Structure formats: structure tokens, C-alpha cells
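Below is one structure, written out as C-alpha cells; comments come after it.
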Amino acid sequence: MTATPTRSTGAVWRPGDPVGDRRFATLGPLPLERGGVLPDVTLAYETWGTLSPSGDNAVLVEHALTGDSHVVGEAGPGHPTSGWWPGLVGPGAPLDTDRWFVVAANVLGGCQGSTGPSSAGPDGRPWGGRFPFVTIRDQVAAEAALADALGIDRWALVLGGSMGGMRALEWAVAHPARVERALVLASTAAATADQVAWCQPQLLAIRHDPDFRDGDYYDTGRAPLTGLGIARRIAHTTYRHEGELDDRFGRRPRDGEDPLGGGGRYDVESYLDHHATKLARRFDPNSYLVLSEAMNSHDVGRDRGGVAAALRAYPGLLHVVGVTTDRLYPLRLSEEIARVRPGTGLTVLDSPHGHDGFLVETDRVGRVVEQVLAATP
Ligand SMILES: CC(=O)SCCNC(=O)CCNC(=O)[C@H](O)C(C)(C)COP(=O)(O)OP(=O)(O)OC[C@H]1O[C@@H](n2cnc3c(N)ncnc32)[C@H](O)[C@@H]1OP(=O)(O)O
Ligand SMILES: N[C@@H](CCO)C(=O)O
């Protein structure tokens, strides 16, 4: 493995730069599910704890759509955000680093150090709109190559929420002998029509931004951030429960603004504006497209005899968590996984925070992690 530069619209890393604990694994060419080969794949990753001599204590944490390898920690140079699952990893934490060796990688197609549309293509220019279509299966195949490179034959646990849950489930189905336990939060065995439908206006918002230029905007000095912001507003609304939004914001105007004909905003609009601006500071619109389409591709049953057959072939411990107020990945999707695969554990997380409940309810998620790690597969 060698250090490799990758570029995003956020911070810039250079070969060999130590960025916190982030390292770069150069994994070579990756054959893609839909055809073709992605040459020179790199994954950025972080680790916590120590791999045991027998290699039996490795845990893989999979991030969601806009997360990265920085599961816990502080923001800083090269880390545009602080950790997205605070308190989950560390000495004495649910993923206790005195016991477990924890790995998290930025997903293939992402923009926080791993190969994605902003990385250099074979001709040295950023891939941009030429970046190939990748699926959740391709992302897991890249992570399997990372596991090989790290000398990890088998994970004691692979866990993640939302898109991270898709990868955790795909790991279990594609590599059953390498996954002792899988914990899948606020996710699904296959992307639903509703999820694909909510995604469509997000993709269109980015592609129809005049700055998009078919994805080849890196040298123009202008990225399609207006489109990305609209996409985030749509997505963020689906990430929260309608009752929560009403309780928090109601019909209140933003301080000093008049939404009743005065051109001002409601407070909930200001909240969405904030999340749009925040994402535009740290995320590449092309990666948003690539990862969203990868999520749409997700179906663990494709070419495997359907979802039930694929899930039943996994012999390890599978536990799913559904959030009661999740309107994007409704609880029924977790229940269906448990129903079609006998022996699957199910936790119903009663939370007002909707889909983002899996990120916000860290204490309760931590207790489920402890329970799953304590269980014998
Ligand atoms: C800890 C981090 O920084 S993680 C950032 C990286 N993000 C990821 O990796 C993806 C996962 N994270 C997320 O999707 C989200 O950030 C979540 C789920 C963690 C947010 O969940 P919550 O903690 O419930 O935050 P919430 O949705 O209430 O948003 C809080 C923000 O909105 C702002 N806000 C709240 N109300 C308003 C309003 N009416 N107008 C403008 N801004 C508002 C707050 O000031 C706060 O700003 P900050 O995040 O810049 O400090
Ligand atoms: N809010 C999270 C969840 C998406 O499923 C993210 O931005 O990654």
C-alpha cells in the first residue's frame, strides 16, 4: 500500500500527508459489476485500537451518504467534520478500542480521500462526468480489497446505517465467511421505489445547475453548489420526521423575517438553508450523484434468487434496527428483513428524529452495538 493523493472540493491531501490517523490504501484495478474496470482504486481509511495476533477482533464501521472515515474525533486540517458517531469508538466505548480493532473507510465514489469523480482519471485529469457507474456491490468489493490489504480475513462485526447499512448487509451476503456479525441500522435489503423517487429531484437539481457542465466543473472555479444545496434540502426533509419538524419550528418566522408576503423565510426554511450551506462546504456534487445512484442500485437479491434467498444464505449473526419515525427507510423495511430471514434480531428504536435517529440516538445505538458484540453468532 502506498499513500496516494485524491482531491475533493473540500480539503486537499497530498501524497504521504499525515492527516490525523487517515491513511490511503492503493488497491489496484477494480472490475465493476456493470462492466469495465476502475483502475488504481484508493480508499482512505482510519483505524482505532490494535489488531489481535489472531485477527479476531476487527470491526468495520460503514458511513452513510455524506459521512466519511472520521467516525469519532475532532474537525481539523483534512477533516472537514468532527466525528459523525461521537462516543461510539474509544476506550470504554461500545466499540471499546481496548478490545476491538475498528476500521472505517471513505466509500468508493466519495470525496473524502477515496477514489471518486474528483480523483485523477487515467489521463491525469479529474474523472468528473466520466466517472463510471458504481454499485453498492462495487463499493463492498473495494472494501474487501482493503480488508485483504490490512490482513483482515474476517470481521467480528460490520455495522452501518442507511447507505452504511446497505454496505453492511451486502458484506454479509457477498462475503458470508468474512462477516461474523452484521448490524444494519435504518436501512433496507433493496432500495424502494419511494427512495428512488425522492432521489430523482435531487439528481436533477444538481444536473440542471448551470455550473454542472456534465460533471466537468473542477477547473472552472465554480461547482454546482446551488443544485447540491437543493438536493440536501430535499434529502434532509426526508431524514427528519414531519412531527419533529412541526414541534421544533411550527409556523414560526425566522427572526426578523416576514414570510407572509415580505420575502422572508419560515424558521424551518432557515434550518434547511443552514444544512444546505453546510454540506456545500464539504461535499462534491459529483460524489453526491455517484453515491445516490449507487444507493438506488442496492438490491442484495439481484442475481441471487431474490432478497429472501440471499439473506437466508448468510449463516452469521444479523441484527437490524429500524427507527419508528423514519419515513425514508421506514421500520417495515427492517421488519421485512427480520421476517424473511428467521433468526435475525430486530431492535425498534423509538425516536422522534426520523431517519437521522440512527445518528442522533448514539447512546441507544451504542447499547445495541454492545449487545450484538456480546452475542454468540
Ligand atoms: C458532528 C458533525 O459535525 S457530523 C457532520 C458530518 N455529517 C455527517 O457525517 C453526516 C451525518 N450527520 C448528519 O446528517 C447531521 O449533521 C445530523 C444527523 C448529525 C444532525 O442532527 P442533529 O444533531 O439533530 O442536528 P440538527 O438537524 O438539529 O441541526 C443542527 C444545526 O442546525 C442549526 N439550526 C437549527 N435550527 C436552525 C434554524 N432555524 N436556522 C438555521 N440553522 C438552524 C443549528 O445551529 C445546528 O448548526 P451546526 O450543525 O452548524 O452546529
Ligand atoms: N444525514 C445522513 C444520513 C443519510 O442517510 C447523511 O447525510 O449521511
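Heavy-atom basis, side chains included; hydrogens, waters and symmetry copies ignored. Fair warning: this is a prediction, and the values are worked out from it, not measured in the lab.
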N/O donor-acceptor pair under 3.5 Å between Arg125 side chain and Gly121 backbone = no
Is the backbone of Leu146 close enough, under 3.5 Å, to the side chain of Tyr45 for a donor and an acceptor to pair up by distance?
-> no
Do NZ/NE/NH1/NH2 and the carboxylate oxygens of Asp123 and Arg130 come within less than 4.0 Å?
-> yes
So does Glu370 pair up with Arg99, basic N to acidic O under 4.0 Å?
->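 Looking at Arg99 together with Glu370, the answer is no, because their closest N to O distance does not fall below 4.0 Å.
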Is there a side-chain contact between [X] and [Y] in this structure, where contact means two heavy atoms from C-beta onward sitting under 4.5 Å apart?
{"X": "Leu88", "Y": "Val102", "result": "no"}
{"X": "Leu328", "Y": "Gln195", "result": "yes"}
{"X": "Thr238", "Y": "His355", "result": "no"}
{"X": "Ser114", "Y": "Leu108", "result": "no"}
{"X": "Val61", "Y": "Leu159", "result": "yes"}
{"X": "Phe131", "Y": "Ser118", "result": "no"}
{"X": "Asp211", "Y": "Thr220", "result": "no"}
{"X": "Val71", "Y": "Trp84", "result": "yes"}

Short side-chain donor-acceptor distance under 3.5 Å, Thr66 and Arg282 = yes
Quick one: salt bridge (Lys or Arg N to Asp or Glu O under 4.0 Å) pairs with a partner in residues 143-153, sequence neighbours left out?
-> Glu143-Arg167, Asp148-Arg178
For atom CZ of Arg222, is the number of surrounding heavy atoms from other residues, nucleotides or ligands below 6.0 Å larger than 12?
-> no
What residues join Leu245 in its hydrophobic cluster, counting side-chain heavy atom gaps under 4.5 Å, either direct or through other members?
-> Phe249, Leu260, Tyr266, Val268, Tyr271, Leu272
Audit row: Glu293, Arg34, salt bridge (charged side-chain N to carboxylate O under 4.0 Å, His left out) steps and yes/no | CA-CA 13 Å; Glu293 293 198 316; Arg34 304 305 296 165; over 6 Å; no
With Ala309, which residues qualify under side chain to side chain contact (heavy atoms under 4.5 Å, CB included), at least two apart?
->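 With neighbours one apart ignored, the set is empty.
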